[in-house]
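Some notes on the structure that comes next.
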Protein chains: 2
Amino acid sequence: MESCPTGRHDHHNVYEAGCPCRSLLDLLANKWTALAIGALEDGPMRFGALKQLLGGVSPKMLAQTLRRLEASDLVSRTVYPAVPAHVEYALTDLGRSVAEPLRGLRVWVEHHLDDVLGPDRPRDEVLQPQK
Amino acid sequence: MESCPTGRHDHHNVYEAGCPCRSLLDLLANKWTALAIGALEDGPMRFGALKQLLGGVSPKMLAQTLRRLEASDLVSRTVYPAVPAHVEYALTDLGRSVAEPLRGLRVWVEHHLDDVLGPDRPRDEVLQPQK
DNA sequence: CAGAATCCAATACGATACTG
DNA sequence: CAGTATCGTATTGGATTCTG
């Protein structure tokens, strides 16, 4: 890394065991991250609105997901002093940039679900949580 | 769904709680899936080679990941009768199609890790497994 | 409203040892 | 070689309740 003349080193490798890339990939490869980022693509949203949009998410996991994304500077959190509380989440520039590949994933999933399932495949025996 | 005249219904929505899309997204949003699929992009690989390439993966998780991908028809498994055993994994057509968005993710991660980390951010206090 | 706190179940994951 | 079996830990995730 020190031999890099530019001072930058994009020579990260997700296939390397110890690389911090792994942690970042894990953050994105999470049950709610792709959905949360995607939800914010159309503009800032409040906690409650996110909770409704991400069907089935518990307040706990949503909060945890958002806090992680905030810590990684992918999402910003703005509190508007008021009663009752009003908090808005929005994508940062970095967040907008990761939104693209994540959208690619979501689109693929919605587009190819039928291919994965069948069409003549037993829908309930594929994709079930691993056992 | 029954009202769809074509018999097909690409109207899946990952934001819906009950949609099977969710399970598929979970399959892809897994610690090893993106790496395994990416590894196979350059051609078939054997179990041992995959294990070496995916730094740090345990045989258990690698086998589990591969079995899931096989069940979803993203990866094929071919056994060459020989002693010692010889097994090759390869992407299916469907697997090749999902490889693209996944590559997008890996590339983004490697490319933007430095942005997430800092450049003047305490590398060890961000991205740590959530606490 | 936006979450924090708590409790608990299910799962993911790793290390290791073992087998056809 | 290519896994499986077993064990133990860590993390995920949901349900619920509570508070500023």
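Small disclaimer: the values here were computed from a predicted structure and weren't measured. Naming: A, B, ... by sequence-line order, numbering from 1 per chain.
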Whole-Å gap separating P (D/dT11) and CG (A/Leu27): 15 Å
Interatomic distance, A/Glu88 CD vs C/dC1 P [rounded to whole Å]: 15 Å
First of A/Ala85 and A/Met61 reached from the 5' end of DNA chain D, by closest nucleotide: A/Met61
Distance test, side-chain N/O of A/Asn30 to OP1/OP2 of D/dG13, below 4.0 Å: yes
Closest listed nucleotide, where the reference is the side chain of B/Arg68 and the choices are D/dC7, C/dG3, C/dA12: C/dA12
Residue closer to the 5' end of DNA chain C, A/Val87 versus A/Lys60 (nearest nucleotide): A/Val87
Minimum-distance nucleotide to B/Gln64 side chain [options: C/dA2, D/dA15, C/dA12]: C/dA12
Cluster overlap B/Val83 with B/Val87, hydrophobic side-chain contacts below 4.5 Å: no
Proximal nucleotide (of D/dA2, C/dG3, C/dC1) relative to the A/Pro84 side chain: C/dC1
Touch class at under 4.0 angstrom, heavy-atom based, for A/Tyr89 against every strand present: sugar-phosphate
Separation of D/dG3 C1' from B/Leu62 CG (nearest whole Å): 10 Å
Whole-Å gap separating C1' (C/dG14) and CH2 (B/Trp32): 10 Å
Rounded distance (Å) that lies between atom C1' of D/dG20 and atom CZ of A/Phe47: 15 Å
Below 4.0 Å: OP1/OP2 of C/dG3 and any side-chain N or O of A/Arg67: no
N or O in side chain of B/Arg46 less than 4.0 angstrom from D/dC1 OP1/OP2: no
Rounded distance (Å) that lies between atom C1' of D/dC1 and atom CG of B/Leu50: 13 Å
C/dG3 OP1/OP2 closer than 4.0 Å to side-chain N/O of A/Arg77: yes
Between P of D/dG3 and OH of B/Tyr80, the distance in whole Å: 13 Å
Rounded distance in Å - NZ (B/Lys31) to P (D/dA10): 14 Å
Heavy atoms of other groups near A/Gln52 CD, more than 12 under 6.0 Å: no
Aromatic ring pairing B/Tyr89/B/Phe47, orientation class (parallel under 30°, perpendicular over 60°, tilted between): tilted
